[in-house]
Protein chains: 2
Amino acid sequence: MSGAPVRVVLADDERMVRTALRVILDAEEGIEVVGEATTGAEAVSVVRELRPDVVLMDVRMPEIDGIRATEQILATLEDPPRIVVVTTFENDAYVYDALHAGAAGFLLKRAAAEELVQAVRLVACGDSLLYPAAVRTLAAEHAARQPAMAPAWVARLTDREADVLRLMAAGLTNAEIAGRLSVGPATAKTHVAAVLAKTGARDRTQAVIAAYESGFITPG
Amino acid sequence: MSGAPVRVVLADDERMVRTALRVILDAEEGIEVVGEATTGAEAVSVVRELRPDVVLMDVRMPEIDGIRATEQILATLEDPPRIVVVTTFENDAYVYDALHAGAAGFLLKRAAAEELVQAVRLVACGDSLLYPAAVRTLAAEHAARQPAMAPAWVARLTDREADVLRLMAAGLTNAEIAGRLSVGPATAKTHVAAVLAKTGARDRTQAVIAAYESGFITPG
DNA sequence: ATCCGCCTCCGCCGCGCGGGGGAGAACCCG
DNA sequence: CGGGTTCTCCCCCGCGCGGCGGAGGCGGAT
């Protein structure tokens, strides 16, 4: 628990937030803010260089968001730091992605200073008890619905075809898709045909089913 | 943090477990086990009487399980205690229900003594930071996926129509549905038309979308 | 005994859909 | 510069689909 101080890196694009976090944490015994970053990309490089114990990572940041930065850090570094994702709203959809990306915890920006300090200390000690593998399972299950398990065909879809599939999955007809995309009906038909071919679907209904089953789109 | 000791009630049908928990917690400064219960129903009444700060609630118990007991306690008592649900397996499906029921945390039975103590202290202090309302949202969303959120039209479907909708959502044509159900094509068409009417869908694709979005069928 | 909901089936009709083929323009990359 | 990919658009054709109205049997509820 004691001994070397906990080395922390802050990643947030807002200076005020970084300052606030630094003031709070620097006042604590055994916690030391060793670096800051203002973008996701910078966070990755700073962490790679400074090798902190804990990273407080904002979700919304320029260039690379906090989620992808988290993924990159955990994927590329050996013995990676514990990453706490900071969000503004508790119902932020990013929370799920954060958990899936391997974040050790998440924190609301309106959290009290004590909570912040407590969070840093807890994650620095490894897996917190209030945060056992079960939560990760929960998050993993949630995540398993979306990003993973994407059959090969998803990657083969062009941007336009992906747009079309999303609209198909919204229940639009070819003509409506054309209108929504501001293209001719024939074009929409072409894209739909391409989607059907790539998904191996016989008709638009099967394509929509494939979209759901693959996690390309999610209910709710 | 200090001052009056944390008053704890244990609810578990196995004597050994209760004893183990009591031994661990009674050895701690500032924690006092004030009562025990062996069933869910007993847990509710004991808690109502003793008004503890924290309840350690086993999931599997006679009469009323820990989940329902948790719900009842939280629903009927003002200023209810913080309830930690105790499970044997981390992938226990009850975990989700526990969170949804409003449990303040969950704990594995194989957790170390220190974790147990830490858990009690943390939840006694109120909402732990590693466990904000967002987790509850996560759990609520999980729970909302399957059992609840079924729009009114789901209940209005006849058995046959439900069968047809499932086959529609499997990507079958009217003729294939007829074959699968061993009825005439005209009959299948009639049921499909009924499904479209009740779901408010314009075509079979929208009906399948509605089936997914309502949780009538689930991806995976 | 009567009504109502469910399941079963029949015709007709219009249209959106999917399959087939071809074609031009923009772009990137080797 | 040529080749590949993507996006755009056109033709024709067949057919499954969805909308319409009608009908008979069967069971439960009143």
Side-chain angles (χ1 to χ4, degrees), chain A residues 63-64 147 150-214 216-217 219, chain B residues 150-217 219:
Chain A
E63 298 180 40
I64 304 180
W153 59 261
V154 172
R156 311 184 74 99
L157 289 178
T158 67
D159 293 345
R160 210 53 165 168
E161 287 159 1
D163 292 338
V164 170
L165 178 52
R166 270 184 283 272
L167 294 176
M168 289 167 69
L172 303 193
T173 66
N174 290 341
E176 288 167 343
I177 292 173
R180 193 71 77 86
L181 296 181
S182 300
V183 297
T187 302
K189 280 192 66 173
T190 302
H191 291 315
V192 168
V195 169
L196 295 182
K198 289 185 180 177
T199 56
R202 182 173 48 187
D203 49 44
R204 66 202 302 104
T205 302
Q206 287 190 352
V208 171
I209 293 169
Y212 272 104
E213 295 296 332
S214 70
F216 179 80
I217 53 134
Chain B
W153 59 261
V154 172
R156 310 183 71 107
L157 290 178
T158 67
D159 294 345
R160 209 54 165 168
E161 287 159 0
D163 294 337
V164 170
L165 178 52
R166 271 184 282 271
L167 294 175
M168 290 167 70
L172 304 192
T173 66
N174 290 341
E176 289 168 342
I177 292 172
R180 193 72 75 85
L181 296 181
S182 302
V183 297
T187 302
K189 281 191 66 173
T190 302
H191 291 315
V192 168
V195 169
L196 295 182
K198 290 185 180 178
T199 56
R202 182 173 49 188
D203 49 45
R204 68 200 302 101
T205 303
Q206 287 190 351
V208 171
I209 293 169
Y212 273 104
E213 295 296 334
S214 70
F216 179 79
I217 55 136

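Each chain gets a letter, A, B and so on, in the order its sequence line appears, and its residues count up from 1.
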* Do you know the tightest heavy-atom contact between A:A201 and A:A207? -> CB-N, 3.4 Å

* To do: List the atom of A:I177, the atom of A:A188, and the distance in Å for their closest heavy-atom pair.
  =>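 Answer, listing the atom of A:I177 first, then A:A188: CG2-CB, 4.3 Å.
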
Using OP1 and OP2 only, check whether a side-chain N or O of [X] sits under 4.0 Å from [N].
X: B:H191; N: C:dC6; value: no
X: B:T187; N: C:dC7; value: no
X: B:T158; N: C:dC7; value: yes

* So do B:V208 and A:Y212 actually touch side chain to side chain, heavy atoms under 4.5 Å? -> no

* Asked: Got A:M168 and A:L196 here, is their nearest side-chain heavy-atom distance under 4.5 Å?
  -> yes

[N] [atom2] sits how many Å from [X] [atom1], rounded?
X: A:L181; N: D:dC7; atom1: CG; atom2: C1'; answer: 11 Å
X: B:L157; N: C:dG5; atom1: CG; atom2: C1'; answer: 14 Å
X: B:E161; N: C:dT8; atom1: CD; atom2: C1'; answer: 13 Å

* How would you list, by chain and number, every residue that makes a side-chain hydrogen bond (donor to acceptor under 3.5 Å, both in side chains) with A:E161, sequence neighbours excluded? -> A:T158, A:K198

* Who pairs with A:R166 by side-chain hydrogen bond (donor to acceptor under 3.5 Å, both in side chains), at least two apart in sequence or on another chain? -> A:D163

* **Sequence-aligned protein contact record of nucleotides 11-30 of chain D, with B where the base is within under 4.0 Å of a protein heavy atom and S where only the sugar-phosphate is** => ------SBB-----------

* Qualifying salt bridge (charged side-chain N to carboxylate O under 4.0 Å, His left out) pairs with a residue from residues 170-182 of chain B, counting only residues at least two apart or across chains -> A:R202-B:E176

* Asked: When Watson-Crick pairs (N1 to N3 and N6-O4 or O6-N4) and G-U wobble pairs (N1-O2 and O6-N3) count only below 3.5 Å on both distances, what is the dot-bracket string of DNA chain C, with | for other-strand pairs?
  -> .|||||||||||||||||||||||||||.|

* Asked: What side-chain hydrogen bond (donor to acceptor under 3.5 Å, both in side chains) pairs are there with at least one residue in residues 187-197 of chain B, not counting sequence neighbours?
  ->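 Residue pairs with at least one partner in residues 187-197 of chain B: there are none.
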
